**Q** 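Pasting a structure here, questions to come.
Note that these values count all heavy atoms, side chains included, but never hydrogens, waters or copies made by symmetry. Not measured: the values here are computed from a predicted model.
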Amino acid sequence: MYRKLIKDLENWKRDESRKPMIIRGARQVGKTWLMKEFGRTCYEKCAYISMDENEVMQDVFRDAFDTGRIISALEIEAGFKIDPENTLIIFDEVQEIPRALKSLKYFCENAPEYHIVAAGSLLGVALHEGTSFPVGKVEFLDLYPLDFWEFLSACEEEPLAELLESGDTRMITNFKNKYIDYLKIYYYVGGMPEAVITYLKSKDFKKVRSVQNRLLGAYENDFSKHAPAEIVTRIRMLWNSIPTQLAKENKKFIYGLVREGARAREYEVAITWLIDCGLVYKVNRAAKPDFPLRAYQDFRAFKLFIVDIGLLGAMTGLSARMILEGNRMFEEFKGALTEQYVLQQMVNKPENDIFYWSSDTATAEIDFLVQNEETIVPVEVKAEENLQAKSLRLFCEKYHSEGAVRMSMSDYREQGWLVNIPLYLAGEMNQYVGGLKN
C-alpha cells in the first residue's frame, strides 16, 4: 500500500529547518502504519514508542523537560542507541501523555537534530480540551482514508493511477470503463485501510462490510469512552442522522432531523467533538463567492459529511449489488454518495478551502465552492451523465464566474464557461481548472 503523504514526510526529512511533525487523522486511517513505513523506508532505525497505558513513559515525562534525559529513556525503551541523523523517533497515541506532547517544544528549541513524528487517534479532542500544546514549535500533516488514486495503486493498478495524473484526457477516456468499474468498487469499499486490505486479500464484500461495521462500532465506543457524559447521547444521535441529512435534495443540516424540536445550541458541542476527532467534515455555506470565502461563510448553514464513503454505505446498509449493478432502489441516495466521494477526494488537497453556495431563496444550490490562492471555482456534482447545469449557469451569470466545473460520469470536455470532469478524475480537478492548477 502506498500513501501520498510519504512524499511530504520525505520532504520534511530533508528540510534543515524542520520541526517535530504531528500527523492528524481519525482513528484507523493508517497513521501508525504511515509513521512506521516512513521509518522503515527512509531511516536506518525507527524508535517506536506508544504512549497508550505506558507507565514508564508517564514517569519519564513527569519530570523536567531535559531532552538528553528523555533521549536516554527512549533508547532504553527502544533497545538501541538513537542516532539523530539516522533514527526516526515515533510518539504514538501522544495525547495519552500530554507532557510528551509538550516536550516537542523543547526538542524544537534545544535538540532540533532529532527527527520526531507524533500522532494520536483523539489528538484533536485532547487539544480542544486544553492539553498544553507547543504552538509554533511543530508542523502538521493531515491523513485521510485512501483516495481513489491510492485505492487504484493498492489494487496494483499503478499505470491507471499514474495516467490519472498525466493530464492526457484522450488516453484516460480510452480506459474509462476500467476506471468506472474500480470507482464502483471504491464506492462500496471506501478508503479505510483495513477495509481496503480485506478487499484485496479476499475480494469478499461481506468481509469488507464486517470490517466497516466493526470500525463503526469502535467509533461508537469512543463516544462513550472519551466524550463528556452529558453529550454522548447527542453525539450518537447526530452521527446517526448524517446519512438522512445527506439523502435530502437540499443537504443543509437540519437539527430537526436529529430530534424533533432540537436546537442548534444543544448540538454545537457534539458537532465540534466529531470534527475534532476527524470523523466529520463540516462544509459551511458561503453567502458570497468572493475572496476570502471564510469572510463570507454563513455559520448557520452547513453540510456534514463523514470520514469515509465506505462507512457511509455501511451506515445505510447499502448492498454491494445495489452499488455495483446500479439497482433502482439506490438511485435516490446515489447523489449523496457521489457528493461524499467528491468531497473525500478534494479534502486530500491541502490547498483546497471548501464551502458550498445556495441562493438566499434556496431555489438554487452549488454543491461545492473550492478556493485556493488564485481562484474560486463552483463545482456541481452529478451521479450519472445528467448534463443539466441550471444552478451552475445561474451562479456564473450572477457572479460573472470565469469558470465552472461539473463532475459526472460523462467524459472530459470543455464547453467554454464549463469544464466537465469525469468522477474518476475528481481528485485531479485542480490541474484541469486554470486558476487551481498546481
Side-chain angles (χ1 to χ4, degrees), residues 169 245-254 281-305 332 334-347 349 351-438:
T169 55
Q245 304 277 355
L246 292 176
K248 307 193 315 297
E249 185 174 350
N250 176 359
K251 295 178 176 56
K252 173 186 172 183
F253 190 86
I254 304 296
Y281 306 130
K282 186 180 183 183
V283 179
N284 280 96
R285 174 180 179 264
K288 180 182 178 183
D290 207 350
F291 280 97
L293 283 176
R294 288 190 177 274
Y296 301 99
Q297 61 184 323
D298 178 359
F299 292 101
R300 299 166 301 174
F302 57 89
K303 299 189 283 191
L304 292 183
F305 297 86
E332 286 191 16
K334 188 177 288 186
L337 208 63
T338 307
E339 269 194 56
Q340 168 75 42
Y341 161 76
V342 169
L343 177 72
Q344 203 165 322
Q345 309 316 299
M346 295 195 299
V347 296
K349 306 287 185 181
E351 65 269 29
N352 290 342
D353 207 5
I354 305 169
F355 297 82
Y356 81 99
W357 174 86
S358 62
S359 63
D360 293 334
T361 58
T363 55
E365 180 177 313
I366 301 299
D367 297 316
F368 299 110
L369 290 182
V370 183
Q371 174 196 312
N372 80 345
E373 294 178 357
E374 299 179 20
T375 193
I376 295 170
V377 176
V379 178
E380 191 162 86
V381 176
K382 301 291 185 182
E384 296 290 345
E385 295 193 33
N386 184 338
L387 299 185
Q388 293 184 349
K390 294 179 182 178
S391 292
L392 206 53
R393 184 178 291 277
L394 183 151
F395 176 91
C396 291
E397 290 174 351
K398 180 175 181 179
Y399 293 108
H400 309 289
S401 179
E402 295 181 1
V405 168
R406 176 182 58 216
M407 292 191 187
S408 72
M409 282 298 189
S410 294
D411 298 341
Y412 179 88
R413 63 171 65 85
E414 298 178 14
Q415 299 172 246
W417 65 282
L418 177 67
V419 178
N420 188 84
I421 296 177
L423 286 164
Y424 49 81
L425 266 175
E428 310 304 323
M429 181 191 81
N430 292 7
Q431 69 169 302
Y432 292 100
V433 182
L436 278 177
K437 194 167 184 177
N438 288 328

**Q** So, for Ser391 and Glu380, which heavy atoms are closest and what is the spacing to 0.1 Å?
**A**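 That closest heavy-atom pairing would be CB-OE2, 3.6 Å.
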**Q** Which residues pass the ring-ring contact (aromatic ring centres under 6.0 Å, His included) test with Phe291, not counting sequence neighbours?
**A**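 Scan of Phe291 (ring-ring contact (aromatic ring centres under 6.0 Å, His included), adjacent residues dropped) gives none.
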**Q** State, yes or no, whether a side-chain contact exists between Asn420 and Gln415 at a heavy-atom distance under 4.5 Å.
**A**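 Yes, at least one pair of side-chain atoms sits under 4.5 Å.
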**Q** Looking at Lys252, I want to see if its NZ is surrounded by more than 12 non-hydrogen atoms of other residues, nucleotides or ligands under 6.0 Å.
**A**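 Incorrect, the count does not exceed 12.
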**Q** Glu365 vs Lys251, test: salt bridge (charged side-chain N to carboxylate O under 4.0 Å, His left out). Steps then yes/no.
**A** CA-CA 10 Å; Glu365 180 177 313; Lys251 295 178 176 56; over 6 Å; no
**Q** Validate the cation-pi geometry between Lys282 and Phe253: distance from NZ or CZ to the six-membered ring centre under 6.0 Å, angle to the ring axis within 45°.
**A**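 No, cation not above the ring by the 6.0 Å, 45° rule.
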**Q** Taking only residues at least two apart or on different chains, which pairs with a member in residues 289-300 satisfy salt bridge (Lys or Arg N to Asp or Glu O under 4.0 Å)?
**A**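 Sorted result for residues 289-300: Arg285-Asp298, Lys288-Asp290, Arg294-Asp353, Asp298-Arg300.
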**Q** Between Tyr412 and Tyr432 (judged by ring centroids, cut-off 6.0 Å), do the two rings come close enough to count as a pair?
**A**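 Between Tyr412 and Tyr432, the centre distance is under 6.0 Å.
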**Q** How far does NZ of Lys390 sit from CG of Leu394, to the nearest 0.5 angstrom?
**A**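 Spacing of NZ (Lys390) from CG (Leu394) equals 11.5 Å.
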**Q** Check for a donor-acceptor pair, side chain of Ser359 on one end and backbone N or O of Ala364 on the other, with a separation under 3.5 Å.
**A**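 It does hold such a pair.
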**Q** Side chains of Asn352 and Val347, heavy atoms from C-beta outward: is any pair under 4.5 Å?
**A**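 Not in contact.
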**Q** Taking the side chain as every heavy atom from C-beta outward, state whether Leu392 and Leu418 have any atom pair closer than 4.5 Å.
**A**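 Side chain of Leu392 against side chain of Leu418, heavy atoms only: contact under 4.5 Å found.
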**Q** Any chance you could measure Leu423, atom CG, to Ser408, atom OG, to the nearest 0.5 Å?
**A**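 Rounded to the nearest 0.5 Å, the CG-OG separation comes out at 6.0 Å.
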**Q** Within this structure, what is the CE-CZ distance for the pair Met346 and Phe368, rounded to the nearest 0.5 Å?
**A**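 Between Met346 CE and Phe368 CZ, I get 4.5 Å after rounding to 0.5 Å.
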**Q** Measuring from atom CD1 of Ile366 to atom CZ of Arg406, what distance do you get when rounded to the nearest 0.5 angstrom?
**A**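 The CD1 atom of Ile366 sits 12.0 Å away from the CZ atom of Arg406.
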**Q** Got Phe305 and Gln344 here, is their nearest side-chain heavy-atom distance under 4.5 Å?
**A**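 They are not in side-chain contact.
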**Q** On the 0 to 90° scale, with breaks at 30° and 60°, tag the Phe395-Trp357 ring pair as parallel, tilted or perpendicular.
**A**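 Because their plane-to-plane angle is over 60°, the rings of Phe395 and Trp357 count as perpendicular.
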**Q** Do you know the tightest heavy-atom contact between Leu293 and Ala286?
**A**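 For Leu293 versus Ala286, the nearest heavy atoms are CD2-CB, 4.0 Å.
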**Q** Less than 4.5 Å apart, any side-chain heavy atom of Ile254 and any of Lys248?
**A**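 Yes, close enough: below the 4.5 Å cut-off.
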**Q** So how far is it from Gln371 CD to Glu351 CD, rounded to the nearest 0.5 Å?
**A**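 Answer rounded to 0.5 Å: 12.0 Å.
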**Q** Minimum heavy-atom separation for Ala287 to Tyr399, with atom names?
**A**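 Smallest heavy-atom distance, with atoms named: O-OH, 4.0 Å.
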**Q** Is any side-chain heavy atom of Asn430 less than 4.5 Å from a side-chain heavy atom of Asn372?
**A**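 With C-beta onward as the side chain, the pair stays apart.
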**Q** What heavy-atom pair brings Pro378 and Gly403 nearest, and what distance separates the two atoms?
**A**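 For Pro378 and Gly403, the tightest heavy-atom pair comes out as CD-O, 3.2 Å.
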**Q** For a quick test of reading the model, state the closest non-hydrogen atom pair linking Cys396 to Ala404 and the distance between them.
**A**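 Scanning both residues completely, I find the closest heavy atoms to be SG-CB, 3.7 Å.
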**Q** Apply side chain to side chain contact (heavy atoms under 4.5 Å, CB included) to Gln297 and Phe302, showing your working.
**A** CA-CA 9 Å; Gln297 61 184 323; Phe302 57 89; over 6 Å; no
**Q** Output the distance between atom CE (Met407) and atom OH (Tyr341), rounded to the nearest 0.5 Å.
**A**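 The distance works out to 8.0 Å.
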**Q** Are any of the side-chain heavy atoms of Asp367 and Val379 separated by less than 4.5 Å?
**A**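 No, too far: nothing below the 4.5 Å cut-off.
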**Q** Going through the distances and angles, do Lys349 and Val370 end up as a side chain to side chain contact (heavy atoms under 4.5 Å, CB included)?
**A** CA-CA 11 Å; Lys349 306 287 185 181; Val370 183; over 6 Å; no
